[in-house]
Amino acid sequence: MSEDNQFAPGSASKMTVTTVSRNKSFGGIQGVYSHESHETGCVMRFGVFLPPHAGACRAPVLYWLSGLTCSEENFVTKAGAQRVAAELGLAIVVPDTSPRGLKIPGEDENYDFGSGAGFYVDATQAPWSRGYRMYSYITKELSSLVASSFPVNPARAGIFGHSMGGHGALTIALKNPDCYKSVSAFAPMCSPLRCPWGEKALTGYLGTDRARWREYDATALIEDRGWKGPAILVDQGAEDPFLESQLKPGLLGKACERAGVALNLRMQEGYDHSYFFIASFIEDHLRFHASNL
């Protein structure tokens, strides 16, 4: 690995960005990078795809948030996004899903809590408050680092994600409408307040006061804040095994209807929760964001 100085990080970023890998892809560059994170207290990795000619002008940027058990590698290698992103001139940033190696007791024992399951919240409960700060990592630290280190235009940013990451994308966009101009999701966890994965994670990270959970629940945020941006795009596989028990897109649909928020919820017959599903519709999502950025 070597320090990446190609894009001359500005004074806004005091962190060293280290290149893990760089590969040419459809005329652009798919890179994976690492840095020491203040928010998480550990080394974090993230992927960046830069379209051709990104150095000549700052590209619109999309943030992809992955689901449970994933790292940056899943999207980079399985989604098949690079070809269309290159055509549209979009940069894509793909962070990890949680801190790694904090040596918190129990952090590696469950697939749905701890490592690989940061849930894009800022934990307030010990010991998780020591580093499990993925909300601030995504919205503050990573966005600042990317803007100062790569040729992207932070004023033209969108966000999307899958499952736990779909939950993260929705909640982050709804809470930061001035920062993210468009939002979409694949099979998002629409109401962590009302599903087993969410209840377990929010209890562990935030405590038992369910009123505090509303800040990390997309249906609650729609009810409390609304959304004035472009229609939210959601694709959901009709054969997803987690559809009824964990994801509950109907709750999101009802909340949007009551709040007058435009939602394009597409039930895709025969599709499940896998990256085969994501790869099948990733082009639609990239074109949706490009049209709004």
Hey, does the side chain of T97 reach the backbone of C70 with a donor-acceptor pair shorter than 3.5 angstrom?
yes
Are S71 and R100 close enough that a side-chain donor and a side-chain acceptor fall under 3.5 Å?
no
Assess the pair F150 and Y33: is the distance between their ring centroids shorter than 6.0 Å?
yes
Hey, are the side chains of I222 and L174 touching, using non-hydrogen atoms and a 4.5 Å cut-off?
yes
In short, ring-ring contact (aromatic ring centres under 6.0 Å, His included) pairs touching residues 235-269 with sequence neighbours left out are W197-F242, F242-H273
Would Y137 and Y120 count as a close aromatic pair, with their ring centres under 6.0 Å?
no
Tell me whether E199 at atom CD has more than 12 heavy atoms from other residues, nucleotides or ligands lying less than 6.0 Å away.
yes
Check: F277 ring centre within less than 6.0 Å of H162 ring centre:
no
Heavy atoms of T219 and S191 approach each other most closely as OG1-OG, 3.4 Å
Considering all heavy atoms, the nearest L102-E107 contact
N-OE2, 3.2 Å
For F288, which fellow cluster members are found when Ile, Leu, Val, Met, Phe, Trp and Tyr are connected by side-chain heavy-atom distances below 4.5 angstrom, either directly or through intermediates?
L233
For A169 and I159 the tightest heavy-atom approach is O-CG2, 3.7 Å
If you count heavy atoms of other groups shown closer than 6.0 angstrom to OH of Y111, is the number above 12?
yes
Reference residue F75; test ring-ring contact (aromatic ring centres under 6.0 Å, His included); the match among F49, Y63, W64:
W64
Least distance between heavy atoms, C190 atom then P249 atom:
SG-CA, 3.6 Å
Between the OH atom in Y132 and the OG1 atom in T40, the distance rounded to the nearest 0.5 Å is 9.5 Å
Show, in sequence, the C-alpha distance, side-chain angles and deciding distance for E244 and K248, and conclude whether the salt bridge (Lys or Arg N to Asp or Glu O under 4.0 Å) test is met.
CA-CA 6 Å; E244 299 300 331; K248 304 180 184 294; over 6 Å; no
Yes or no on side-chain contact (heavy atoms from CB on, under 4.5 Å) for M134 and E39, after CA distance, side-chain angles and deciding distance?
CA-CA 8 Å; M134 290 301 295; E39 291 288 353; over 6 Å; no
Q246 and M164: side-chain contact (heavy atoms from CB on, under 4.5 Å), yes or no, with the steps?
CA-CA 10 Å; Q246 304 283 6; M164 178 186 73; over 6 Å; no
OG of S115 to CG of L68: how many Å apart, nearest 0.5 Å?
12.0 Å
Residue pair E223, K254: steps toward the salt bridge (Lys or Arg N to Asp or Glu O under 4.0 Å) verdict
CA-CA 10 Å; E223 293 167 354; K254 290 178 182 177; over 6 Å; no
Less than 3.5 Å apart, any donor N or O on the side chain of N74 or S66 sitting next to an acceptor on the other?
no
Show your reasoning for whether side-chain contact (heavy atoms from CB on, under 4.5 Å) applies to Y205 and D122.
CA-CA 8 Å; Y205 294 136; D122 283 350; over 6 Å; no
Side-chain hydrophobic cluster, 4.5 Å single linkage: members besides V43:
none
Between Q236 and A187, the two heavy atoms sitting closest are OE1-CA, 3.2 Å
Establish, from distance only, whether the side-chain atoms of S25 and N23 form a donor-acceptor pair under 3.5 Å.
no
At their closest point, which heavy atom of S37 faces which heavy atom of M44, and how far apart are they?
CB-CG, 3.6 Å
Would you confirm whether the ring centroid of F119 sits within less than 6.0 angstrom of the ring centroid of W128?
no
